[in-house]
Amino acid sequence: MTELNPFVLFTASIFTSNMILANFLGMCSFIAVSKDIKTSLGLGQAVTFVLTFTTVINYFLYKYVLIPMNLEYLRYIVFIISIAAFVQLVEMIVERHLPVLHHALGIFLPLITVNCAILGVSLFMVIRRYSFIQSLAFGFGSGVGWTMAIVALAGLKKRLNESRVPKGLRGGGITLIITGLMALGFMGFSGMVQIS
Amino acid sequence: MNDIVSTIAIMSGITGFLAFLLTLAKRTVGDYGMVDITINGKKKLEVRGGDTLLSALSSEKIFIPSACGGKGTCGYCKLKVIEGGGAILPMEEGLISVEEIDAGVRLACQIKVKEPIKIEIPEDLFNVREYKAVVRKIEDITPKIKHLVLDILEGGEIDFKPGQYVQLVAPPYAESDESVQRAYSIASCPTDKNFIELIIGYVEGGVCTTYVHKYLKEGDSVSFNGPFGNFFYKDNDREMIMVAAGTGMAPILSILRAMKSSGIERRCLFFFGAKNRDDLFFMDKMQNLEESLFDFEFVPALSRIGPEDDWEGERGRVTEPLLKHLEHIENKEAYLCGSPVMIDAIVKLLIEKGMDEERIYYDKF
Ligand SMILES: Cc1cc2nc3c(=O)[nH]c(=O)nc-3n(C[C@H](O)[C@H](O)[C@H](O)COP(=O)(O)OP(=O)(O)OC[C@H]3O[C@@H](n4cnc5c(N)ncnc54)[C@H](O)[C@@H]3O)c2cc1C
Ligand code: FES
């Protein structure tokens with residue numbers, strides 16, 4: 001896959017290979033924070049930011065530290081540590097400079113650390129042997145795709161507030177059904193490019 | 001061998017570098033400089049920003065009750081924030097009612113001091129201090145309850161209202177690796193300022209009570225902070241009805257002792273619930289109070305005693321003798337102390353009988 005054009009990769013990670021709707025990664029915050037469009041957008045931005053930067057950081061760590069030292073097998077722990085440190089850094093910065101966003105995200109900002117989409121992107125980058133530019137495009141695109149999916153879900157949930165959902169399906173149940181339907185919808189794009 | 005060393009070196013290098021980066025960020029981005037806390041519109045403190053309000057206050061020796069140690073689960077650390085606390089956090093919503101939110105009530109352990117903040121706390125909390133003490137006496141008064149006398153060290157004196165409690169600190173010990181604080185009502189008289197008495201029951205598997213019952217010995221050092229609580233003696237001339245069970249005796253005893261020492265002349269009835277004779281304690285002290293107080297009557301009621309047993313006092317649950325005395329509710333007030341179930345039942349009963357809710361004071365253990 002190394003010859004994929006970064007722009008194609010970027011688009012594919014938004015539509016055909018969407019982290020949530022095609023890979024089902026990052027579901028917990030996707031379901032929990034999608035109550036309100038503004039908050040979802042905020043979390044989406046934070047995820048995109050963290051995804052892009054941790055992919056880049058992990059790219060360098062992998063290429064320039066782990067490969068030369070023959071320590072590729074340590075990638076899980078190294079990636080996780082670097083993601084955790086980066087999220088902590090972002091939290092401090094957001095808390096200081098964007099208090100409104102910090103408040104809106106509450107406990108979910110630190111939880112990005114364990115958002116599997118973030119680790120997933122770093123691992124896909126390694127498994128699929130992406131170049132630096134490809135990794136950047138893939139990381140950024142995955143973040144944008146994740147944001148799009150969560151904002152779309154928040155929009156749908158808003159409409160749900162006004163509709164009569166059967167009692168047993170309210171909350172998590174209907175959210176999962178909607179996510180499944182969205183995933184089905186997104187399968188329509190899958191003929192365009194395949195990246196995995 | 002070499003790869004083991006290099007693996008460890010590389011991992012340490014990466015983690016060390018990230019730790020360095022975070023420390024640097026804490027010093028720069030996380031540094032909020034000095035921030036003012038204004039308390040009750042008059043006292044001003046300057047603290048280092050970035051910390052929780054609870055720890056900022058305790059570092060200035062202002063102690064807010066915090067039974068869960070700042071984990072956001074007990075709801076004891078409530079105070080009013082007039083300005084500068086930011087919006088209410090999701091963690092707080094579970095413990096603060098809608099009316100309280102409107103009144104500005106917040107959890108001190110959850111909000112961070114990042115900008116000048118104005119708060120209101122009860123004046124009494126200024127009186128709260130940390131005390132070091134030594135165990136003068138610790139003895140069993142029933143198979144499950146111990147009586148403790150703690151001598152306050154270094155010329156310290158405690159000022160409290162009869163009925164209030166302290167938070168005893170249990171350090172890490174063989175069966176617990178964290179230090180915890182638990183509330184215990186003071187049983188001694190407020191005029192005795194150099195020591196306090198506590199009555200502590202054993203709770204199966206309880207962190208603090210296991211420490212007290214199995215590890216604490218005479219001569220050991222302990223620390224506690226206090227006094228806290230708004231369950232205390234209210235001065236007026238109404239008839240007093242007191243109800244307690246088990247260790248709930250503690251605050252009531254303190255109130256009775258205070259009444260005796262200041263020569264208060266009020267009619268006062270104390271209903272004490274226990275299962276059997278083994279659960280009764282301090283009967284001599286009660287008898288003594290009956291003789292020396294103005295118009296005091298002690299009514300123990302035993303719930304697990306059979307008809308054939310030799311017991312002349314009240315039988316059954318404590319509510320039964322209580323009901324007998326409640327024909328006329330006028331000009332009475334109630335002091336209750338015991339388990340939440342018992343208190344809820346008695347409060348309901350008193351209200352049904354027509355007692356004004358505002359005249360029912362209680363501490364749920
Ligand atoms: C205002 C106030 C005053 C108090 N005064 C006294 C006092 O004078 N004397 C006294 O002995 N206690 C008093 N208590 C209770 C005391 O603070 C502790 O809760 C109690 O001693 C248990 O602490 P622990 O650390 O041993 O148990 P924990 O480690 O806190 O609890 C262990 C387990 O036991 C359960 N548990 C806790 N307390 C009880 C209980 N009472 N009965 C049954 N199960 C329980 C808990 O739910 C938990 O599952 C008072 C409490 C309050 C709020
Ligand atoms: S200290 Fe327990 S909730 Fe704040």
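Order of the sequence lines fixes the chain letters, A, B, ..., with proteins taken first and strands second; residue numbering starts at 1 for each chain. Quantities reported herein were computed from a predicted structural model and do not represent experimental measurements.
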Peer 1: Checking heavy atoms, do the side chain of A/Leu74, its backbone, both or neither come under 4.5 Å from chain B?
Peer 2: side chain

Peer 1: For A/Leu71, is it the side chain, the backbone, both, or neither that has a heavy atom closer than 4.5 Å to a heavy atom of chain B?
Peer 2: side chain

Peer 1: Where on B/Leu22 is there a heavy atom nearer than 4.5 Å to chain A: the side chain, the backbone, both, or neither?
Peer 2: both

Peer 1: Name the region of B/Leu89, side chain, backbone, both or neither, that has any atom closer than 4.5 Å to a heavy atom of chain A.
Peer 2: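 For B/Leu89, backbone and side chain are both near chain A.
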
Peer 1: Suppose we call two aromatic rings close when their centres sit under 6.0 Å apart. Are A/Phe138 and A/Phe10 close by that rule?
Peer 2: no

Peer 1: Is the closest side-chain donor-acceptor distance between A/Ser40 and A/Ser34 under 3.5 Å?
Peer 2: no

Peer 1: Is there a side-chain contact between A/Ile150 and A/Leu41 (heavy atoms, below 4.5 Å)?
Peer 2: no

Peer 1: Nearest 0.5 Å please: distance from the CZ atom of A/Phe30 over to the CG atom of A/Leu43.
Peer 2: 11.0 Å

Peer 1: Relative to chain B, which segment of A/Met92 carries a heavy atom at a distance below 4.5 Å: side chain, backbone, both, or neither?
Peer 2: both

Peer 1: So which N and O atoms of chain A and chain B form donor-acceptor pairs under 3.5 Å?
Peer 2:
residue  : atom : partner  : partner atom : Å
A/Glu95  : OE2  : B/Lys112 : NZ           : 3.4
A/Glu95  : OE2  : B/Lys114 : NZ           : 3.2
A/Arg96  : NH1  : B/Val29  : O            : 3.1
A/Arg96  : NH1  : B/Asp31  : O            : 2.5
A/His103 : NE2  : B/Ile88  : O            : 2.7

Peer 1: Compare every heavy atom of A/Leu25 with every heavy atom of A/Trp146, then report the nearest pair and how far apart it is.
Peer 2: NE1-O, 3.8 Å

Peer 1: Which heavy-atom pair separates A/Ala149 from A/Leu21 by the least distance, and what is that distance?
Peer 2: CB-CD1, 4.1 Å

Peer 1: Taking atom CZ as the centre, does B/Phe17 end up with more than 12 heavy-atom neighbours from other residues, nucleotides or ligands that are less than 6.0 angstrom away?
Peer 2: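 Open: at most 12 neighbouring heavy atoms sit under 6.0 Å from CZ of B/Phe17.
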
Peer 1: Think A/Arg128 forms a cation-pi with A/Tyr130, using NZ or CZ under 6.0 Å from the six-ring centre and within 45 degrees of its axis?
Peer 2: no

